[in-house]
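Note sheet for the following structure.
By convention in this document, chain letters (A, B, ...) are assigned in the order of the sequence lines, proteins followed by strands, and residues within each chain are numbered from 1. Note: hydrogens, waters and symmetry copies are ignored here, and every other heavy atom, side chains too, is used.
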Protein chains: 2
Amino acid sequence: MGEKLKTKELILTVATEVFHNKGYTGARMQEIADLAQVNKAALHYYFNSKQQLFEVILLNSFKNLFISFENLAVKKLPILDKIDFLIDEYSAFVRKKIQIIKFILSEVDKNLPLIQTNIKMISLENSFIDRMYNEFDREMKLGNIKMINPRHLLTNIISMCIFPFIAKPVIMEINKFSTDEINAFLDEREKYIKQFVHNALKI
Amino acid sequence: MGEKLKTKELILTVATEVFHNKGYTGARMQEIADLAQVNKAALHYYFNSKQQLFEVILLNSFKNLFISFENLAVKKLPILDKIDFLIDEYSAFVRKKIQIIKFILSEVDKNLPLIQTNIKMISLENSFIDRMYNEFDREMKLGNIKMINPRHLLTNIISMCIFPFIAKPVIMEINKFSTDEINAFLDEREKYIKQFVHNALKI
DNA sequence: GTCTATAGGAAGATAGAC
DNA sequence: GTCTATCTTCCTATAGAC
């Protein structure tokens, strides 16, 4: 039984890799079987169909992304320092999980009902997001930062942290960057995002 | 001869639609033929292979996106008003071209050499982007707005305008928005992006 | 230039031996 | 539980008639 669980998890691991890299329509059951060093029949034995295997992986990926997000350490810091900390955490997160983020963004549209019916399993009571909104609200009312809709503030920060990594090759072409230059540009972004957000929020 | 050109362009039009919606691996030559009301053989007669048809469409799409970007009206306005104008233009642009933007972002990675060898055909001398950078520089030196690396400033603005539309369903789930709520949220974003950028740049 | 017919192969899925 | 062999369907591409 130990061995059996191992096989199923091995398939899931390599299938995750393949789906993340190729997307649903680009993924091939044969490639997954080869990488897992099992036969195609084993894939169907454990997961019934490509669609069902994919759904397991999409939901896992979505949950992982959510949980990573939720588990961002929330140190007790002055609000602007905390925002700096968040920008560092988001940026590190994006660098590490860029492939999953791209996968989710490209597949989520066609599978929204699936995600919506399964999302409730993820506890979202008093979530990290809600706590951030509350904290933004409190600090604004205390007069520590400028007034701004907290949801748009967080959306702005996340957009600035994630989008350039998704659009890396396009930004590269627009700016006529070499490979070294685009990488240096992405590396220095945290500094400029922090500066930008500070300027936007400081009273 | 008139009719022949028409057929080729008809195929190109419907193929563009299909590739934009399904991506390369999801697109089917049969579907393109059906929508164009021609036979599959006609597709190969005009474009030789799926790959070559795709490459024509990817390059066209990339050029169109570039050109739309370049052709943004550059009215003579005070810098902060001009930035407001740009945010409006970018947002309208994203709303109209979201499908192309997603297509480019998902396909550009695997086809970077193709794009790089063909990008030179697009004139980029004294481009819109470069003129914006120069204008940002000038206004900063004049003391009209705060100092910030112009490339990061433009990247910040574009990220805030585009990313929420790409991540629409994810933002919807994170915020527990209904369909109406997420649409209202996206509609009101321009206002908050402008406010945010103003706060970040005003001396 | 456009069609029918079909080649040739790859894909997902299943039956049945072990 | 894992395999080989095979089915069926689908896909890209081509040959050849008109």
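- For the pair B:Lys50 and B:Tyr24, the cation sits on the ring face: its NZ or CZ lies under 6.0 Å from the ring centre, inside 45° of the axis.
- Summarising the geometry, the separation between CD on B:Gln30 and C1' on C:dC3 is reported as 13 Å, rounded to the nearest angstrom.
- When side chains are defined from C-beta on, A:Phe163 counts as touching B:Ile166, because their heavy atoms get closer than 4.5 Å.
- The listed nucleotides are C:dA5, D:dA13, C:dG12; the one nearest the side chain of A:His44 is C:dG12.
- Residue A:Ala33 is classed as having no contact, given no heavy-atom separation below 4.0 Å to the nucleic acid.
- Toward the 5' end of DNA chain D, the nearer of the two residues A:Lys40 and B:Tyr24, judged by each one's closest nucleotide, is A:Lys40.
- Here D:dG1 is the nucleotide among C:dC3, D:dG1, D:dT4 with the atom lying nearest to any side-chain atom of A:Tyr45.
- Atoms CZ (B:Phe54) and P (D:dA13) sit 14 Å apart, rounded to a whole Å.
- Computed from coordinates, the B:Gln37 CD to C:dC3 C1' distance equals 15 Å when rounded to whole Å.
- An OP1 or OP2 oxygen of D:dA13 is reached within less than 4.0 angstrom by no side-chain nitrogen or oxygen of B:Asn48.
- A:Met29 places its CE atom 20 Å from the P atom of D:dC7, with the value rounded to the nearest Å.
- Nucleotide C:dA11 holds its P atom 9 Å from the CD atom of A:Glu31, rounded to whole Å.
- Proximity note for B:Arg28 (side chain, C-beta onward) versus C:dA13, D:dC11, D:dT14: the nearest is D:dC11.
- Ring geometry, A:Tyr192 versus B:His152: the interplanar angle falls under 30°, so the pair is classed parallel (tilted spans 30 to 60°).
- A:Phe47 carries A:Lys8 over the face of its six-membered ring, with the cationic atom under 6.0 Å from the centre and within 45° of the normal.
- The shortest distance between the side-chain N/O atoms of B:Thr7 and the OP1/OP2 oxygens of C:dG1 is not below 4.0 Å.
- Following rounding to the nearest Å, B:Leu53 (CG) and D:dC11 (P) show an atom-to-atom distance of 16 Å.
- Distance, A:Phe47 CZ to C:dG12 P: 15 Å, rounded to whole Å.
- Comparing atom distances between the A:Lys50 side chain and each of D:dG1, D:dC3, C:dA13 picks out C:dA13 as nearest.
- Using a cutoff of 4.0 Å between basic side-chain nitrogens and carboxylate oxygens, A:Lys168 and B:Asp109 are not scored as salt-bridged.
- Across the protein-nucleic acid pair, B:Lys22 atom NZ and D:dT12 atom P stand 12 Å apart, rounded to whole Å.
- Considering only the side chain of A:Ala41, D:dT4 comes nearest among D:dA13, D:dT4, C:dA5.
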